[in-house]
There are 2 protein chains.
Amino acid sequence: MKIVSWNINSVRFRLEIVERFLREAAPDILCLQETKVIDQDFPQEAFRRLGYKTIILHGQKMHHGVAILSRVPLAEDDRFDWQANREARHVGVKLANGVRLENVYVPAGGDVPDREVNAKFGQKLDFVERMTAWSASLDCPTILVGDFNIAPLESDVWNHKQLLNVVSHTPIEVDALNRLKDSNSWVDLGRHFYPAPARLHTWWSYRSPDWTVNDRGRRLDHMWATADVAAAATSHTVFEACRNWLKPSDHVPIMTEFDL
Amino acid sequence: MKIVSWNINSVRFRLEIVERFLREAAPDILCLQETKVIDQDFPQEAFRRLGYKTIILHGQKMHHGVAILSRVPLAEDDRFDWQANREARHVGVKLANGVRLENVYVPAGGDVPDREVNAKFGQKLDFVERMTAWSASLDCPTILVGDFNIAPLESDVWNHKQLLNVVSHTPIEVDALNRLKDSNSWVDLGRHFYPAPARLHTWWSYRSPDWTVNDRGRRLDHMWATADVAAAATSHTVFEACRNWLKPSDHVPIMTEFDL
DNA sequence: GGGAGCAGCG
DNA sequence: CGCTGCTCCC
């Protein structure tokens, strides 16, 4: 069972590279974030043609939006709105084997890492805190994936010291993410297979065109699993090459294979 | 000597099809309208690579904009602003043999064919009137090309009766264009080679996707020459096929070959 | 229908 | 940098 998470930064604008990725990596399930499309305009046909006939959507106009596409059966889909602000940032399903798969797009948090002067930073911290309460209450083997917009470890960013005050790597965000992680038996699958201090990045800003030269990446995308499910994980792949495809997302897909 | 006129509807967005056209039709001179780019952003390099090393520009931000690209020498370029409103609608040059080439983009004229309720319609009529005064004063063998935004003859439109009150084919516009034509020894080269009532169209609206089925075209683009130059014209071609190319302009290129 | 610029967001 | 959706224009 191969499960992928990818912040696609508009699924309509990026349709060709998603199709290419599905043909090449052939995951069973694809979790997307930042689809940026309302459900009725989601390009379902393209995915159906490639065998992904189960399509679970939680989209909205313009921003955010998540989706789960699958070629295996899914059930019990739900959509949480932890902040009750109608932002489409979560969609979850249950796999046939009873494992739940939760797909989340954590708020980016704005530019200034201070909740007094930047409401978006506060919203991000609140979001993770509410996720933490939810996580603590889970009673089911679970895989949690998505764009968490936080790079917790020193080796998750291209330069730890230079990013200590940059949103995504500030101690306050890292602490919040660690509390989320400690709220259940979560295993960070990326670091399970590539322990720190190995370099592990999933995002490179559009703003440095020579991203491959400077390699100023961050690990913003994550796949976690409760210990029971994590024990079945057999490999993890970060598809860095996708950052160089035509019209790329600034995020690359990450995939975990499970012996489920 | 092969001279082409083409309303390209953004030369930057349409660069690939212009390059393809130049490779296939290989004109000596290409007159463009609606380049939609300021001179400093004009994609000169692409044209230089194809041998069009003489590039005469009259562009502006956002709208309008004309250009003459040539692989033969040009001189004495000028830019008229008949309405003194800073709209970039004309650029002219002199060929080595002394013939002048004038490239014009006549205002479209808005939707309502009434100068009292639609100032743009008045602007269009005024523009043609001022061109007429200019035309009457010419003392040089001249080729006049461009998007005139008027289809004068019944066979210049897909349905004469249905367009009698549609801007581009109203009697008041046709009268104005006929006065322009009569102000000098102009020969309408399109009709010289394909006399009415032959169907002759150069524009098909984007709004009817099945343009090729309904064929609701109009002849808005023209090449005229004073009688002395017209006598040297040997053929005229309307490149209808370009309307089916990828990311097409709504206008197609027209070409006259001269034995000059 | 489909260009261009712009604001908003990341 | 670059995506969406808006307005303007043809």
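Throughout, a chain's letter reflects where its sequence line sits, starting with A, and its residues are numbered from 1.
As rounded to whole Å, 11 Å separates atom C1' of D/dT4 from atom CD of A/Glu34. For the pair A/Asn149 CG and C/dC9 C1', the computed distance is 12 Å after rounding to whole Å. Rounded to whole Å, the distance from OH on A/Tyr105 to C1' on C/dC9 is 9 Å. Atom CH2 in B/Trp204 sits roughly 19 Å away from atom C1' in C/dG3 (whole-Å rounding). In this structure, B/Lys124 atom NZ and D/dC9 atom P are separated by 16 Å, rounded to whole Å. Atom-to-atom, NE2 of A/His63 to P of D/dG5 comes out at 9 Å; the value is rounded to the nearest Å. A straight line from NE2 of B/His64 to C1' of C/dG5 spans 14 Å, rounded to a whole angstrom. Look at CD on A/Glu87: it is 8 Å from P on C/dG10, rounded to the nearest Å.
Residue B/Arg14 places none of its side-chain N or O atoms closer than 4.0 Å to OP1 or OP2 of C/dG2. The phosphate of C/dG2 has neither OP1 nor OP2 within less than 4.0 Å of any side-chain N or O from B/Lys247.
A ring-centre distance under 6.0 Å is found for B/Trp6 and B/Phe21. Two rings, from B/His160 and B/His169, have their centers less than 6.0 Å apart.
Comparing C/dC9, D/dC10, C/dG10 by their closest approach to the side chain of B/Ala108 singles out D/dC10. Listed nucleotides: D/dC6, D/dC10, C/dG10. Nearest to the side chain of A/Lys61: D/dC6. Side-chain atoms of A/Arg12 lie closest to D/dG5 of the nucleotides D/dC10, D/dG5, C/dA4. Looking at the side chain of B/Ser10, the nearest of the listed nucleotides C/dG3, C/dG5, D/dG5 is C/dG3.
Although no hydrogens or angles enter the test, the distance criterion places a donor-acceptor pair under 3.5 Å between the side chain of A/Gln83 and the main chain of A/Gln123.
Residue-to-nucleotide contacts include a donor-acceptor pair under 3.5 Å from the side chain of A/Arg207 to the base of C/dG10.
Nearest-nucleotide mapping onto DNA chain D: of A/Lys36 and A/Tyr206, the residue sitting toward the 5' end is A/Tyr206.
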- request: Test A/Arg79 against A/Asp81 for salt bridge (Lys or Arg N to Asp or Glu O under 4.0 Å), laying out the working first.
  value: CA-CA 7 Å; A/Arg79 292 149 188 80; A/Asp81 179 9; over 6 Å; no
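Looking at heavy-atom distances under 4.0 Å, A/His251 makes no contact with the nucleic acid at all.
Between the side chains of B/Ser155 and B/Arg191, at least one donor-acceptor pair of N or O atoms lies under 3.5 Å.
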